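What you see is a predicted model; the values in this text were computed from it and never measured. Note on naming: letters A, B, ... go to the chains in the order of the sequence lines (proteins, then strands), and numbering restarts at 1 for each one.
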Protein chains: 2
Amino acid sequence: MFLADCQARLAFDLLANTWNAVVVWSLRHGPRRPGELRGQIGGISHKVLTETLRRLEFNGLVERHAYAEAPPRVEYALTGLGRSLLAPIETFGAWAFEHADEVLAAQDRWEEETIASPTPPRAERPS
Amino acid sequence: MFLADCQARLAFDLLANTWNAVVVWSLRHGPRRPGELRGQIGGISHKVLTETLRRLEFNGLVERHAYAEAPPRVEYALTGLGRSLLAPIETFGAWAFEHADEVLAAQDRWEEETIASPTPPRAERPS
DNA sequence: CGCGTCACGCACCGATCGGTGCCTAACGGA
DNA sequence: TCCGTTAGGCACCGATCGGTGCGTGACGCG
């Protein structure tokens, strides 16, 4: 599992992007319009949102429905496949809630122990 | 959950990298040396492996044990926090096994429907 | 003495990620 | 007529990701 060309790597490619899982999660309660998504999710640019939605559509996780109306209206909804991904995502979210403080504590510990650390491996910290 | 500055975003930063989850998973059965990891995992460069391990160490998921021996010997092991992440990772892996074919089918469908697609949103395909 | 092993650092590089800013198209309202 | 709204395309940009290649230090072996 997860070795070399294993299919399981595919799952991580689906979550490798910063926003994929967040967008999927934001669609869990039904169809949403891009504007709504941009509102619900904080700090995603409109370009990246559409790119993300295209990618999710390409992978069969969401469906795009465009209505030819006065102000253009578009809705994105999860497919069955997309909905099946909600459970794993929630598992992760639960883990994060339980252990976020431990991760933060570990990061702080690192900063203490190594005096003047040359290159803190990465921010990894919500701005 | 997953909104704006929510802590749950942290979980995805931990998996945002291509190799983080794979390396954690490769350590599930006990300590491993870098060489072993490079062997188990396919196609990871030595630079990226050490970077990944440093990052995991920084986040408190793995521990580094160096033995001052003749040919330098180093072992990396999961911490308790790291082990607690195995369950969510496995959940994902299970999802991938179940649905990988659906994702691939969706991708193929995309290629059929849109004749000469201008920009296939992304490879997202194991090479 | 030269070679191999092992962990790892560093310089360099191309590809991708994500962000900003500006553009269109189509309509309703003032 | 001009503005606002909505979706989204396009150009451009800096930061990061991941890869290659080379060097080092300490040892063991022939």
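For the pair Thr52(A)/Asn17(A), no side-chain contact is recorded, criterion being any heavy-atom separation below 4.5 Å from C-beta on.
Atoms CG (Asn17(A)) and P (dA15(D)) sit 21 Å apart, rounded to a whole Å. At whole-Å resolution of the value, CG in Leu53(A) and C1' in dG18(C) are 15 Å apart. One can place CD of Glu36(A) at 10 Å from P of dT6(D), the figure rounded to the nearest angstrom. Atom C1' of nucleotide dT16(D) and atom CH2 of Trp19(B) are separated by 17 Å, given to the nearest angstrom. With rounding to whole Å, Arg73(B) atom CZ is found 15 Å from dT5(C) atom C1'. Residue Asn20(B) contributes atom CG, which lies 16 Å from atom P of dT16(D) at whole-angstrom precision. Between the CD1 atom of Ile41(A) and the P atom of dG19(C) there is a distance of 11 Å, given to the nearest Å. Following rounding to the nearest Å, Ile44(B) (CD1) and dT20(D) (P) show an atom-to-atom distance of 11 Å.
The side chain of Arg54(B) places an N or O atom within less than 4.0 Å of a non-bridging phosphate oxygen (OP1 or OP2) of dG9(C). In this structure, Arg33(B) does not reach the dT5(C) phosphate: none of its side-chain N or O atoms is under 4.0 Å from OP1 or OP2.
For Thr18(B), whose side chain is taken as the heavy atoms from C-beta onward, the closest listed nucleotide among dC17(D), dC17(C), dG9(D) is dC17(D). Side-chain proximity of Arg55(A) to dG19(C), dG18(C), dG18(D): nearest is dG18(C). Between dA7(D), dA11(C), dG9(C), one nucleotide has an atom nearer to the side chain of Lys47(B) than all others, and that is dA11(C). The Ser45(B) side chain lies nearest to dG19(D) when the options are dG19(D), dT20(C), dG9(C).
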Stepwise salt bridge (Lys or Arg N to Asp or Glu O under 4.0 Å) test for Lys47(A) and Glu51(A): CA-CA 6 Å; Lys47(A) 192 197 80 165; Glu51(A) 280 177 355; 3.7 Å; yes
Mind running salt bridge (Lys or Arg N to Asp or Glu O under 4.0 Å) on Glu75(A) and Arg73(A) for me, showing each step along the way? CA-CA 7 Å; Glu75(A) 283 187 341; Arg73(A) 193 163 68 91; 3.4 Å; yes
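Contacts of Glu102(A) classified as side chain to side chain donor-acceptor pair (under 3.5 Å), with partners at least two apart in sequence or in another chain: His99(A).
Listed here is the closest heavy atom pair of Val23(A) and Leu56(A): CG1-CD1, 3.7 Å. Of all heavy-atom pairs between Ala21(B) and Leu15(B), the closest is CB-CD2, 3.7 Å.
When heavy atoms are screened at a 4.0 angstrom cut-off, Tyr76(B) is found touching the sugar-phosphate backbone but no base atom.
Cation-pi geometry between Arg32(B) and Tyr76(B) is not satisfied (NZ or CZ under 6.0 Å from the ring centre, within 45° of the ring normal).
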Reading nucleotides 22-27 of chain D from the 5' end, what letters show protein touch, with B for base, S for backbone sugar-phosphate only, - for no heavy atom under 4.0 Å? B--B-S
